[in-house]
2 protein chains.
Amino acid sequence: MSKHDLRVVKTKERIHYALTECLKEKPLSRIKITELCKTANINRGTFYFHYQEVGDVFMEFFEEIMEDLKDSYEEPYRHNVFLDVKNLDPDTVRIFHHIKKYEDFYSVIFSEKVSISYYYMFFDAVKEVLEKDPHSEKIDGPRDFFFSYTSNAIIGLIIEWYRRGFRDSAEDMSRNLVFILKKGER
Amino acid sequence: MSKHDLRVVKTKERIHYALTECLKEKPLSRIKITELCKTANINRGTFYFHYQEVGDVFMEFFEEIMEDLKDSYEEPYRHNVFLDVKNLDPDTVRIFHHIKKYEDFYSVIFSEKVSISYYYMFFDAVKEVLEKDPHSEKIDGPRDFFFSYTSNAIIGLIIEWYRRGFRDSAEDMSRNLVFILKKGER
DNA sequence: AATTTTAATGTACACATGTTCAATAACATT
DNA sequence: AATGTTATTGAACATGTGTACATTAAAATT
């Protein structure tokens, strides 16, 4: 399964394209392997040569998007990761802009019936961003629990956002977050 | 589909029993409808008469468990719902005991590959408990966002707990939560 | 350009899904 | 106990899943 074999690159391109096409028609959970292969014009056996299920294809997209999320908090940007509540400013919160950028994809992630695996992948990515924050050094107590608590709290906001059809702007969401976080600081 | 028809009661009993049996053998995601029907000794057509997929059966169990969660915060218990941070005491936090009580089920809920629907059902139940708390009156700002934030934060703790195989005691978890919450109160 | 490697194809098979429908038997109602 | 109702059955059919394997053709290597 040589990753750079032109044949592999081509078929994966076809399947990726086919998935985005099918996603316009129906939810991920109702897209069949057979259907995907027909759209991609590849043999069903070829699909099984690379993947196990439709979700695996989606996962490939997802990995790229998780990289974008992590990158957006990498140097040299030094965006605020909302751990330093005292100096927290809505303008420095980047995560909601990232979600807006990939709104279509996150609509799939959070949609009913899809596997919780995507949720966990997102959860872990957010957690990683938090853990890399310089201010995370100062956290005392059980670290894993704290980061899981905080990461999932942010995602709770995003679930609410999703359920409202992502109508609020990223800026609104940043303000919501800052408002909630500053509450404990009085 | 008369809910109290003895025939319906019987077949549902059989299917419920079959599901618990199958869950001992393999994860929910790999249990086939055909298999479930064979174990339950019912016709496959009968299954489709009541459900669409295996997950729907599991959902029925789940609904009962969500009722238990809500009940555990109903009158006359008046357990603390961690919104009143100042008077928060680990002994009054009930949710982690509820999880421990149904540990096997929550192990399914949080396991990879299962539908995110269960997660949302749990999320909504936790949120409902929070919203019914007397102290929720005092919350200012966007309420939905606040409750989604807080509910999912708790669930973040539980995810971490799950990933550690629920080894910590419910009391440990209550202490973890109180520790995190009190941090902002200094 | 010739050779080696291996991804992709086509075919086949056993089994699962999802739907339909007439016949039956279990149930509720009177 | 007779009646009407409907959940359940069994059978059938088209389609999807998952796996296997020999064949073919595209790509990498020499």
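Proteins come first, then strands; the chains are lettered A, B, ... in the order of their sequence lines, and each starts at number 1. This is a predicted model, so every value here is computed, not measured.
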SB check Lys132(B) Glu74(B) (cutoff 4.0 Å): yes
Starting at atom CD of Glu13(A), determine the distance to atom P of dA7(C), rounded to an integer number of angstrom. 17 Å
Specify the residue among Ile33(B) and Asp5(B) whose closest nucleotide of DNA chain C lies further upstream toward the 5′ end. Ile33(B)
To the nearest angstrom, the CZ-P distance between Phe49(A) and dT24(D) comes to 18 Å
Heavy atoms from C-beta onward define the side chain here; which of dC27(C), dT9(D), dA8(C) lies closest to that of Leu6(B)? dC27(C)
Donor-acceptor pair present, Arg7(B) side chain and dA26(C) base, under 3.5 Å: yes
Tell me the interatomic distance from Phe47(B), atom CZ, to dA7(D), atom P, rounded to whole angstroms. 17 Å
Classify the side chain of Arg44(A) and the base of dG18(D) as holding, or not holding, a donor-acceptor pair under 3.5 Å. yes
In whole angstrom, give the distance that lies between atom CG of Asp56(B) and atom P of dG18(C). 11 Å
Rounded to the nearest Å, what distance is computed from the OH atom of residue Tyr48(B) to the C1' atom of nucleotide dT15(D)? 12 Å
Derivation and outcome, ring pair (Phe, Tyr, Trp, His ring centres under 6.0 Å), residues Phe47(A) and Tyr51(A): CA-CA 6 Å; Phe47(A) 177 91; Tyr51(A) 309 97; 5.4 Å; yes
For Lys38(A) and dT17(D), what is the distance between atoms NZ and P respectively, to the nearest whole Å? 10 Å
Expressed as a whole number of angstroms, how long is the span from Arg30(B):CZ to dA16(C):C1'? 15 Å
Is the cationic atom of Lys183(B) (NZ for Lys, CZ for Arg) positioned less than 6.0 Å from the six-membered ring centroid of Phe146(A) and within 45 degrees of its normal? yes
Do any side-chain nitrogens or oxygens of Thr34(B) fall under 4.0 Å of OP1 or OP2 in dT17(C)? yes
Nearest heavy atom decides the nucleotide; on that basis, is Asn41(B) or Glu35(A) closer to the 5' end of DNA chain D? Asn41(B)
For Glu53(A) and dA16(C), give me the distance from atom CD to atom C1', rounded to whole Å. 16 Å
Please determine if a side-chain N or O atom of Lys10(B) lies less than 4.0 Å away from the OP1 or OP2 oxygen of dA26(C). no
Got a salt bridge between Arg175(A) and Glu171(A), using NZ or NE/NH1/NH2 to carboxylate O under 4.0 Å? no
Along DNA chain C (nearest heavy atom to each residue), the more 5'-positioned of Asn43(A) and Lys32(A): Asn43(A)
Do the side-chain N or O atoms of Ser2(B) get closer than 4.0 angstrom to the phosphate oxygens (OP1, OP2) of dC27(C)? no
Looking at His4(A), I'd like to know whether one of its side-chain N or O atoms comes within less than 4.0 Å of OP1 or OP2 on dA27(D). no
Only residue of Tyr118(B), Phe122(B), Phe105(B), Trp161(B) satisfying side-chain contact (heavy atoms from CB on, under 4.5 Å) with Phe110(B) is Phe122(B)
Taking OP1 and OP2 of dA7(C), is either one under 4.0 Å from a side-chain nitrogen or oxygen of Thr46(A)? no
